[in-house]
S.K.: 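Starting off with a structure, shown below.
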Amino acid sequence: MSQPTYHYLTLGRLGRGEVLNLFLKDAGIDKKDSFYPWDETWPAASEKLIQQGLTRTGLLPALEYKGGIYNQHIPTLRFLARELNAYDGETNKEKYIVDSVADVYIDWRSQWVASLKGASAEYKDTVVPKYYKVIGQYYSESAGPYLLGDKVTYADFAVYQSIDNERRTGTLPAELPESLVKFQEAFEARPNIKDYIKENK
């Protein structure tokens with residue numbers, strides 16, 4: 001089997017591609033990285049990637065894995081979770097919870113991206129607090145530290161990335177729900193994640 005290839009932009013720890021990157025790190029999936037500059041050359045590079053069949057939308061990340069090409073970071077995470085028979089709920093109810101939190105994250109992310117040109121008062125004072133309140137409620141319904149208790153799921157990677165991204169853009173609330181503080185500490189202590197964070201602050 002050929003080594004997976006991960007295609008993304010040169011955004012460092014920002015963005016949806018980093019959710020997938022963290023997942024691959026945690027799962028111990030060795031990959032080859034192919035990064036593209038986020039500058040004036042990107043429109044032409046994006047068009048070329050479409051022509052090559054690496055993305056239908058012109059957006060990244062893209063993952064070449066076992067002969068297939070996978071786009072859209074949340075569906076790719078779901079696919080990998082099923083492929084690995086891990087990182088997901090075991091019952092239909094647990095899978096529903098994981099999918100629900102992933103959907104809440106997707107709704108948040110579209111508004112976070114829009115805020116990158118300048119976070120409005122509505123975003124900082126309404127959207128952000130509501131997002132963390134809802135996510136915090138989900139996490140408080142188990143003993144933690146993860147969404148489903150002591151087993152990490154693909155949704156945990158998305159939630160962690162939302163917290164980290166808001167910290168980097170200066171829009172993270174001064175205080176998070178205790179359930180999310182507990183989650184963040186546990187997530188950052190995961191061996192492969194801990195090493196990666198240490199090397200890529």
Side-chain angles (χ1 to χ4, degrees), residues 8-23 35-40 42-43 45-46 55-62 71-78 87 89 94-142 144-148 152-188 193 196-197 200-201:
Y8 195 50
L9 299 165
T10 53
L11 296 176
R13 296 271 309 275
L14 283 177
R16 59 188 170 190
E18 185 65 1
V19 181
L20 178 55
N21 187 45
L22 287 172
F23 182 97
F35 292 112
Y36 304 83
W38 178 244
D39 57 20
E40 69 279 357
W42 170 241
S46 174
T55 172
R56 299 184 186 197
T57 63
L59 303 176
L60 295 176
N71 302 116
Q72 310 301 328
H73 68 301
I74 294 299
T76 300
L77 290 177
R78 288 186 182 125
Y87 296 99
E94 287 185 343
K95 291 177 188 295
Y96 163 79
I97 293 169
V98 176
D99 290 346
S100 294
V101 168
D103 280 3
V104 173
Y105 156 83
I106 290 171
D107 290 341
W108 160 85
R109 189 183 176 282
S110 65
Q111 297 180 82
W112 175 77
V113 170
S115 79
L116 292 176
K117 296 180 180 179
S120 66
E122 180 182 2
Y123 178 78
K124 291 186 286 189
D125 299 337
T126 304
V127 173
V128 171
K130 181 179 179 181
Y131 169 71
Y132 289 108
K133 179 180 179 181
V134 171
I135 293 294
Q137 288 174 336
Y138 274 104
Y139 276 76
S140 68
E141 290 171 358
S142 76
Y146 305 113
L147 176 60
L148 294 183
V152 70
T153 69
Y154 77 83
D156 291 309
F157 292 84
V159 170
Y160 174 77
Q161 186 64 13
S162 70
I163 294 171
D164 188 66
N165 276 187
E166 296 235 69
R167 179 177 62 80
R168 293 174 187 276
T169 56
T171 50
L172 188 68
E175 294 185 8
L176 288 174
E178 184 58 34
S179 60
L180 293 183
V181 173
K182 182 179 178 182
F183 157 68
Q184 183 179 3
E185 291 174 351
F187 189 88
E188 291 180 343
I193 299 297
Y196 174 71
I197 290 175
N200 299 273
K201 293 182 179 179

S.K.: Taking all heavy atoms of T171 and all of V128, pick out the closest pair and write down the distance.
M.R.: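 So the two residues come closest at O-CG1, 3.7 Å.
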S.K.: Could you check whether the rings of Y160 and F183 sit parallel, tilted or perpendicular, using 30° and 60° as the cut-offs?
M.R.: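 Because their plane-to-plane angle is over 60°, the rings of Y160 and F183 count as perpendicular.
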S.K.: Is it true that Y146 and F187 have ring centroids separated by less than 6.0 Å?
M.R.: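 That pair fails the under 6.0 Å test.
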S.K.: Considering non-hydrogen atoms only, spot the tightest contact between P61 and G17 and give its length.
M.R.: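 For P61 versus G17, the nearest heavy atoms are CG-CA, 3.8 Å.
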S.K.: Between the side chain of Y105 and the main-chain N/O of A158, is any donor-acceptor distance below 3.5 Å?
M.R.: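 Judged by distance alone, no pair lies under 3.5 Å.
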S.K.: Write down the atom of L147, the atom of S142, and the distance for their closest heavy-atom approach.
M.R.: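 Looks like O-OG, 3.3 Å.
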S.K.: Let me confirm one number: the CG-CD1 distance from L22 to I197, rounded to the nearest 0.5 Å.
M.R.: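 The CG atom of L22 sits 7.0 Å away from the CD1 atom of I197.
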S.K.: Just wondering, are more than 12 heavy atoms of other shown residues or ligands nearer than 6.0 Å to CZ in R56?
M.R.: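 No - once you tally the heavy atoms of other residues, nucleotides and ligands closer than 6.0 Å, there are 12 at most.
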S.K.: Give the minimum heavy-atom separation between A102 and A155, together with the two atoms involved.
M.R.: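 What the structure gives for the nearest pair is N-CB, 4.4 Å.
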S.K.: When rounded to the nearest 0.5 angstrom, what distance separates OG1 in T57 from CD in Q72?
M.R.: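 Between atom OG1 of T57 and atom CD of Q72 there are 5.5 Å.
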S.K.: Using a 6.0 Å cut-off, check whether atom CZ of F35 has over 12 heavy atoms from anything other than its own residue.
M.R.: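 Buried by this count: over 12 neighbours within 6.0 Å.
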S.K.: I need the single residue from L59, I74, I106 that forms a side chain to side chain contact (heavy atoms under 4.5 Å, CB included) with R16. Which is it?
M.R.: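 That would be L59.
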S.K.: What distance do D164 atom CG and L172 atom CG have between them, rounded to the nearest 0.5 Å?
M.R.: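 Reported to 0.5 Å precision, the distance equals 9.5 Å.
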S.K.: Roughly how far, to the nearest 0.5 Å, is the CD1 atom of I97 from the OG1 atom of T153?
M.R.: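 Nearest 0.5 Å value for the OG1-CD1 distance: 10.0 Å.
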S.K.: Is there a donor in the side chain of Y131 and an acceptor in the side chain of Q111, or the other way round, less than 3.5 Å apart?
M.R.: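 No donor-acceptor contact under 3.5 Å links the two side chains.
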S.K.: Indicate yes or no for a side-chain donor-acceptor contact from S46 to the backbone of P43 under 3.5 Å, with no hydrogens or angles considered.
M.R.: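 Pair absent, no side-chain N/O of S46 close to backbone of P43.
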S.K.: State which residue, out of T76, D99, L20, fulfils the side chain to side chain contact (heavy atoms under 4.5 Å, CB included) condition with Y154.
M.R.: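 Looking at T76, D99, L20, the match for Y154 under the side chain to side chain contact (heavy atoms under 4.5 Å, CB included) is D99.
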S.K.: Do side-chain atoms of E178 reach the backbone of G136 as a donor and acceptor pair under 3.5 angstrom?
M.R.: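 Absent.
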S.K.: For a quick test of reading the model, state the closest non-hydrogen atom pair linking N21 to Y196 and the distance between them.
M.R.: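 Heavy-atom minimum between the residues: ND2-OH, 3.0 Å.
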S.K.: Can you confirm whether more than 12 heavy atoms, excluding those of E122, are under 6.0 Å from its CD atom?
M.R.: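 Not buried by this count: 12 neighbours or fewer within 6.0 Å.
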S.K.: Would you please test V152 and F157 for side-chain contact (heavy atoms from CB on, under 4.5 Å) and show each step?
M.R.: CA-CA 8 Å; V152 70; F157 292 84; 3.9 Å; yes
S.K.: Checking R109 side chain against G15 main chain: does a donor-acceptor pair fall under 3.5 Å?
M.R.: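 Not a single qualifying donor-acceptor pair exists.
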S.K.: Minimum heavy-atom separation for P129 and D125, please, with both atom names.
M.R.: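 Here P129 and D125 meet closest at CG-O, 3.4 Å.
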S.K.: Are there more than 12 heavy atoms of other residues, nucleotides or ligands under 6.0 Å from atom CH2 of W38?
M.R.: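 At most 12 heavy atoms, drawn from other residues, nucleotides or ligands, come within 6.0 Å of this atom.
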S.K.: Mind checking the CG-OH spacing from L180 to Y132? Nearest 0.5 Å is all I need.
M.R.: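 Reported to 0.5 Å precision, the distance equals 8.0 Å.
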S.K.: How long is the gap from CD on Q161 to CZ on R168, to the nearest 0.5 Å?
M.R.: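 If I round to the nearest 0.5 Å, the distance is 8.0 Å.
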S.K.: Going through the distances and angles, do F23 and V19 end up as a side-chain contact (heavy atoms from CB on, under 4.5 Å)?
M.R.: CA-CA 6 Å; F23 182 97; V19 181; 6.0 Å; no
S.K.: For S162 and N165, does a side-chain donor sit closer than 3.5 Å to a side-chain acceptor?
M.R.: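 No, because no side-chain N or O of S162 sits under 3.5 Å from a partner of the opposite role on N165.
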S.K.: Applying side-chain contact (heavy atoms from CB on, under 4.5 Å), run through Y139 and V159 and close with a yes or a no.
M.R.: CA-CA 10 Å; Y139 276 76; V159 170; 3.6 Å; yes
